[in-house]
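Step one of this worksheet: look at the structure below.
All values derive from a computational prediction rather than experimental measurement. Every chain is numbered from 1, with letters handed out A, B, ... down the list of sequences.
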Amino acid sequence: MRSPLANAVEAVLFVAEKPVSRAEIAKVVGGTPKQVDAALLELAEGYSGTGLRLAHDGDDWQLVTAPEQAPAVAAYLGADRLRVSPASLETLAVIAYRQPVTRAEVEAIRGVNCDQTIYTLMQRRLIEERGRRDGPGRPILYGTTWEFLECFGLSSLDDLPRALTPEGTVPEAEAREVGGSSSP
Amino acid sequence: MRSPLANAVEAVLFVAEKPVSRAEIAKVVGGTPKQVDAALLELAEGYSGTGLRLAHDGDDWQLVTAPEQAPAVAAYLGADRLRVSPASLETLAVIAYRQPVTRAEVEAIRGVNCDQTIYTLMQRRLIEERGRRDGPGRPILYGTTWEFLECFGLSSLDDLPRALTPEGTVPEAEAREVGGSSSP
Amino acid sequence: MLGNEGPSVTVEGFDGPLEMLLQLVEEKKLDILTVRLGDLADAYLARVRALEALPAGEVASFLALASRLVLLKARSLLPALAPIANEDEGQTEEELRARLMEYAIVRERAGALGDRLRSGERAFHREGGSAVDLPPRGGEVTALAAAWSRVLALAARSREEDMVSPGERYSVEERTDEIEAIVIEHGEVTFTALLGAAPTLGWAVVTFIALLDLYRRSVVDLEQDELFTDIVIKRKVRAVPETPA
């Protein structure tokens with residue numbers, strides 16, 4: 001039976017899409033670095049004979065697929081399509097059409113928490129920070145990247161297609177009103 | 001020891017950006033649907049006592065974190081808690097246990113207009129449209145989403161909390177009849 | 001049907017007529033299976049009268065149930081009372097009881113779901129992708145536009161629900177450091193100045209908590225000449241108290 005700490009570390013590494021340092025793991029799971037070391041060792045041993053592996057580069061740790069599963073992974077990932085979830089695509093759409101925007105503005109438009117999707121899009125280099133908005137807390141502004149344009153085959157942001165609803169084109173003024181409702 | 005097929009399925013689900021259907025899993029790992037079923041069962045059992053869970057909505061499968069690890073994962077992602085009003089929870093309860101249902105059916109059961117709560121649940125991505133019911137007006141049918149399962153820490157709809165009311169107080173057939181009485 | 005009359009109403013904890021009736025049954029500790037619903041007519045009517053602040057249209061659904069209860073009461077008093085010719089289905093006690101019991105189950109399930117939500121035991125998915133760092137590719141611009149349309153369609157209606165509206169999240173830790181830096185640099189600052197031109201509630205709360213923390217740690221002194229005037233935050237100089245007590 002695995003220790004509770006090892007399970008917490010596993011869950012964190014599972015959702016992380018980049019290597020996580022031992023110190024950060026310790027902070028979020030609430031353990032000492034030494035306990036985290038033991039948990040990581042426990043996990044690494046547990047993954048033997050499964051489809052996953054625990055990889056590390058120095059003190060940075062990451063869950064990856066086992067090398068021998070490369071054919072299945074390649075078969076799944078093989079098709080040339082963008083690897084983002086529908087939720088991330090929605091967040092990306094809001095940022096692409098409204099940039100620069102803050103996280104709170106994206107959430108006001110989507111109506112749901114966007115922490116994880118913004119994090120994922122940053123990891124994928126589809127969005128980036130664009131300075132900060134004046135005002136309380138100086139929230140971070142997000143915009144799309146050069147990789148975003150390349151990924152979608154756009155020569156510039158002006159090439160973004162106009163949004164269509166079943167009723168027809170959304171008047172830009174109305175759309176702006178919706179999006180702007182949360183910003184001062 | 002896990003079977004090679006279960007490990008391949010695990011690796012594919014790990015890299016997938018959205019739930020994967022049994023048919024697609026079978027295609028990429030090169031097994032029959034029956035073998036895939038066995039592999040999924042094997043995985044689900046193997047995750048017991050770990051930080052991961054195998055969740056499914058119908059034939060679509062996804063790897064998620066174990067609900068009890070939510071504090072550590074939320075701390076890592078900086079996610080905050082979803083809040084749903086009692087009125088919306090009632091509408092959600094009707095939809096979750098009766099899906100797919102129409103708005104009129106939900107209203108017949110709750111005894112109040114449910115326009116606003118359905119809209120709110122849609123916006124929170126907790127419910128979605130599931131086609132239309134045959135018959136006059138072809139009313140929209142609603143069902144729950146993956147986000148619903150995730151937010152409530154359910155591995156599948158079979159995990160829905162069972163009624164605490166003593167068995168047999170309300171015959172389900174009778175209840176259904178009442179619920180359906182507003183639709184032809 | 002009861003349900004199609006008027007918008008949802010939440011007054012004094014009542015979300016609708018069925019909930020009001022169910023609450024009566026529970027308060028009086030009656031058995032939902034055996035209670036004679038007609039007996040509740042008077043108590044129910046008294047509650048409906050208390051809803052006088054409601055617009056007439058919104059009371060309609062409460063009144064519809066009230067009239068049904070009164071009819072049931074009349075029937076129990078005068079067993080010979082024949083069903084009225086144009087009476088539609090759903091008027092008998094059994095049918096109303098069945099609806100009430102079904103509603104009770106819904107409320108129980110909603111409560112169970114609410115408990116789950118409050119426990120915070122939720123799952124998280126992985127957004128996917130291989131560990132190998134590849135540049136993103138294969139994006140479909142039509143899919144992106146479709147996602148945007150979907151978001152706009154869902155955002156098109158105003159939100160009235162009592163859910164927490166999204167706002168910026170601030171860190172008390174960061175705010176504390178910021179204020180400390182300001183006080184060290186300028187010696188003093190007013191609370192109004194710290195709040196800025198258009199503070200949000202969250203920002204004000206975080207600023208205030210940060211100030212209390214600084215005060216507790218004796219980093220700053222707080223001064224207020226009169227009630228409701230601006231608070232002046234001064235750097236606390238050790239051993240040399242700046243403010244006479």
Side-chain angles (χ1 to χ4, degrees), chain A residues 11 14-15 17 55 62-65 73 77 79-86 88-90 92-94 96-97 102-104 107-111 113 116-117 119-120 123-126 135-137 139 147-148 150-154 159-166 170 174-175 178-179 182 184, chain C residues 121-161 163-172 174-175 178 193-207 210:
Chain A
F14 175 79
V15 297
E17 290 175 60
Q62 188 172 25
L63 268 185
V64 296
T65 54
V73 171
L77 294 179
D80 194 19
R81 63 187 151 114
L82 184 63
R83 296 280 146 202
V84 299
S85 68
S88 289
L89 191 64
E90 277 189 19
L92 182 60
V94 175
Y97 282 86
T102 67
R103 187 189 51 75
E107 290 182 347
I109 299 174
R110 281 196 65 217
N113 180 295
Q116 200 181 357
T117 53
Y119 170 80
T120 297
Q123 292 307 312
R124 303 286 153 87
R125 285 179 288 170
L126 289 164
E147 280 94 338
F148 164 81
E150 218 168 53
C151 167
F152 284 89
L154 302 166
D159 285 354
L160 276 173
R162 305 280 296 195
L164 291 171
T165 62
V170 173
E174 186 186 316
V178 173
S182 76
Chain C
E121 295 209 339
R122 55 157 303 167
F124 290 91
H125 65 273
R126 195 172 176 275
E127 286 279 317
S130 64
V132 188
D133 195 19
L134 296 168
R137 57 193 184 127
E140 280 176 43
V141 81
T142 50
L144 185 73
W148 177 232
S149 298
R150 184 174 134 79
V151 172
L152 282 182
L154 280 167
R157 282 172 50 173
S158 65
R159 290 190 291 281
E160 294 160 24
E161 268 265 328
M163 300 206 176
V164 177
S165 62
E168 295 295 346
R169 288 188 284 279
Y170 313 109
S171 147
V172 174
E174 279 175 25
R175 191 65 181 135
E178 272 172 30
L194 283 180
L195 285 186
T200 59
L201 180 62
W203 180 244
V205 168
V206 164
T207 301

Part of C/Ala123 within contact of chain A (heavy atom distance under 4.5 Å):
neither
Search all heavy atoms of A/Ser88 against all heavy atoms of C/Glu127 and return the closest pair with its distance.
OG-OE1, 2.6 Å
Whether the side chain of A/Gln116 engages the backbone of C/Arg126 through a donor-acceptor N/O pair (distance < 3.5 Å, no angle test) should be reported.
no
Please step through side-chain contact (heavy atoms from CB on, under 4.5 Å) for the pair A/Thr117 and A/Arg110, ending with a clear verdict.
CA-CA 11 Å; A/Thr117 53; A/Arg110 281 196 65 217; 3.9 Å; yes
Between C/Leu195, C/Leu144, C/Val141, which has the largest tally of heavy atom pairs under 4.5 Å with chain A?
C/Leu144
Test of understanding: with side chain to side chain donor-acceptor pair (under 3.5 Å), list the residues that count as partners of C/Glu178, not counting sequence neighbours.
C/Arg175
Toward chain C, the part of A/Asn113 with a non-hydrogen atom under 4.5 Å:
side chain
In terms of heavy-atom pairs under 4.5 Å with chain C, the winner among A/Leu92, A/Val94, A/Leu154, A/Val15 is A/Val94
Engaged part of A/Ser85 at the chain C interface, taking heavy atoms whose separation is under 4.5 Å:
both
Residues two or more places apart in sequence or in another chain: which of them pass side chain to side chain contact (heavy atoms under 4.5 Å, CB included) with C/Glu174?
C/Ser171
